[in-house]
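Notes for the one structure printed next.
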Amino acid sequence: MTIRVDPENNEPRALFDLADFSGQRVLEIGCGDGRLTWRYAGKAGHVTAIDPFADAITRAKENIPDELKSRVEFRHIAFLDFAADSEASTFDRVILSWSLC
Amino acid sequence: MVHALEEIQRLLKPDGCLIEIHPVLEAPLIKVYQGSNVLFVEPYPGYCDEEDLRAEDARAQVVQRGLFVIERSGEFDLPTYGSSVPELRDYWAKIDAYDDSPKEEAVEARRTELYARVEEIMRTAGQGAEVALHERASIARLNPRLLDFC
């Protein structure tokens with residue numbers, strides 16, 4: 001048996017209950033290994049998913065489903081560094097995922 | 001933290017929104033299942049609410065400062081299932097998502113004792129028993145204050 005995280009889909013259900021991601025430009029901060037990213041990226045227009053931990057981004061890139069490769073960009077970078085190089089009013093949705101601490 | 005939320009507000013389009021997720025202020029639960037039957041439930045020892053409190057404070061501060069408006073919020077359960085305690089602990093170590101490193105001798109002793117009891121219950125339950133960590137999370141949609149539609 002392998003590890004199963006949220007097989008009941010509680011997290012994406014809660015996410016979709018709060019916002020529509022259809023065609024939206026999304027920034028996910030603290031994406032980790034992409035566990036949550038895979039659940040909504042299929043609906044989004046484009047996803048930039050960032051995490052300060054290199055190992056997590058490596059795993060996310062290794063595990064990205066083929067059908068999402070064209071719309072998801074993973075980056076190993078801390079949020080404030082990312083923000084410093086980003087223009088204002090860029091994203092429709094920002095997900096701050098288990099990272100506000 | 002608050003500076004990060006200010007930067008998020010800057011990066012959001014005026015009609016965009018922030019979805020913020022963080023753990024609630026309560027200890028995660030360790031459970032043992034055999035099918036749909038719950039054989040064991042106990043809080044995970046050594047829970048420290050310091051980081052979760054900081055997250056609560058940061059969310060409250062940006063609302064208080066008028067950067068965002070909380071439009072809606074809720075809670076959900078995030079379970080992680082494994083077929084054994086070592087498998088679960090290996091997973092935590094791999095994803096760095098759960099600090100399972102010993103901090104205090106007393107806490108580590110309580111964890112070791114809990115792991116032993118869970119493994120014994122799973123042995124007794126036989127094939128198909130699963131162990132799970134249940135973390136409860138808070139999720140909120142925050143809209144930029146000046147144009148609070150999303």
Side-chain angles (χ1 to χ4, degrees), chain A residues 1-21 24-36 40 48 50-56 58-60 78-101, chain B residues 1-23 50-59 62 71-84 87-88 90-92 94-97 128 130 132-133 135 137-142 144 150:
Chain A
M1 183 183 294
T2 55
I3 291 288
R4 297 182 298 133
V5 180
D6 191 21
E8 300 89 350
N9 288 322
N10 294 336
E11 190 175 34
R13 199 164 42 240
L15 189 68
F16 297 145
D17 191 43
L18 292 185
D20 179 18
F21 286 82
Q24 301 292 289
R25 189 170 183 86
V26 182
L27 169 65
E28 184 180 347
I29 303 165
C31 64
D33 62 2
R35 173 182 60 79
L36 180 59
Y40 71 83
T48 303
I50 67 172
D51 198 286
F53 296 105
D55 288 353
T58 299
R59 283 196 301 279
F79 170 64
L80 291 177
D81 294 332
F82 174 84
D85 286 336
S86 299
E87 291 182 12
S89 302
T90 301
F91 297 97
D92 302 295
R93 304 282 181 264
V94 173
I95 300 174
L96 187 55
S97 179
W98 305 79
S99 299
L100 189 57
C101 51
Chain B
M1 268 184 289
V2 173
H3 178 52
L5 286 162
E6 289 169 347
E7 282 296 292
I8 288 170
Q9 194 210 34
R10 187 180 68 81
L11 296 184
L12 271 172
K13 293 177 181 175
D15 60 347
C17 68
L18 163 66
I19 304 293
E20 196 274 312
I21 303 169
H22 67 256
E50 200 173 303
E51 288 190 345
D52 301 341
L53 268 172
R54 284 208 298 269
E56 285 284 320
D57 285 349
R59 190 193 276 178
V62 294
E71 186 177 299
R72 290 172 63 198
S73 63
E75 290 186 3
F76 63 91
D77 181 45
L78 187 79
T80 304
Y81 298 89
S83 59
S84 69
E87 185 182 45
L88 211 49
D90 285 350
Y91 175 72
W92 294 338
K94 186 176 160 194
I95 65 168
D96 296 321
E130 280 188 300
L133 180 84
E135 294 175 277
S138 169
I139 183 168
R141 181 166 108 176
L142 296 95
C150 187

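Within every chain, numbering begins at 1; the chains are lettered A, B, ... in the order of the sequence lines, protein sequences first and strands thereafter.
To the nearest 0.5 Å, atoms CD1 (I95(A)) and SG (C17(B)) are separated by 9.0 Å. With rounding to the nearest 0.5 angstrom, the OH atom of Y81(B) is 8.5 Å from the CG atom of D6(A). Within the model, atoms CZ of F76(B) and CG of N9(A) stand 11.5 Å from one another, a figure rounded to the nearest 0.5 Å. Here the straight-line distance linking atom CZ of R4(A) with atom CD of E130(B) works out to 4.0 Å at 0.5 Å rounding. One finds the CD atom of E135(B) at 10.0 Å from the CD atom of E11(A) (value rounded to the nearest 0.5 Å). The line from CZ of R141(B) to CG of L15(A) is 11.0 Å long, rounded to the nearest 0.5 Å.
In this structure a side-chain-to-backbone donor-acceptor pair under 3.5 Å is present from N10(A) to D77(B).
Note on G74(B), S138(B), P23(B): by heavy-atom pairs under 4.5 Å with chain A, the leading option is P23(B). Of the listed residues (L80(A), V26(A), D33(A)), the greatest number of heavy-atom pairs within a distance under 4.5 Å of chain B belongs to L80(A). Contact count against chain B (heavy-atom pairs under 4.5 Å) is highest for A83(A) among G30(A), P7(A), A83(A).
If you measure heavy-atom distances from E87(A) to chain B, the contacts under 4.5 Å come from the backbone alone. Residue contact with chain A, scored on non-hydrogen atoms closer than 4.5 Å, is absent for A132(B). Residue A56(A): no heavy atom, backbone or side chain, is found under 4.5 Å from chain B. Interface remark: D20(A) contributes no atoms to any contact with chain B (heavy atom separation under 4.5 Å). There is no contact between R13(A) and chain B, counting heavy-atom distances below 4.5 Å.
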| query | Should I8(B) and L27(A) be marked as a side-chain contact (heavy atoms from CB on, under 4.5 Å) after you check the CA-CA gap, both sets of side-chain angles, and the distance that decides it? | reply | CA-CA 9 Å; I8(B) 288 170; L27(A) 169 65; 5.9 Å; no
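Across D92(A) and L12(B), no two heavy atoms sit closer than the pair O-CD2, 3.9 Å. Closest non-hydrogen pair, K13(B) versus S89(A), comes out as CG-O, 3.5 Å. Scanning both residues, R93(A) and D15(B), for their nearest heavy atoms gives NH1-O, 4.4 Å. Taking each heavy atom of T2(A) and E87(B) in turn, the nearest pair found is CA-OE2, 3.7 Å. The minimum heavy-atom distance linking R72(B) with D17(A) is given by the pair NH1-O, 2.8 Å.
L78(B) has its side chain within reach of R35(A): a pair of non-hydrogen atoms, C-beta onward, lies under 4.5 Å apart.
Put simply, the residue from I19(B), L142(B), I21(B) that forms a side chain to side chain contact (heavy atoms under 4.5 Å, CB included) with L18(A) is I19(B).
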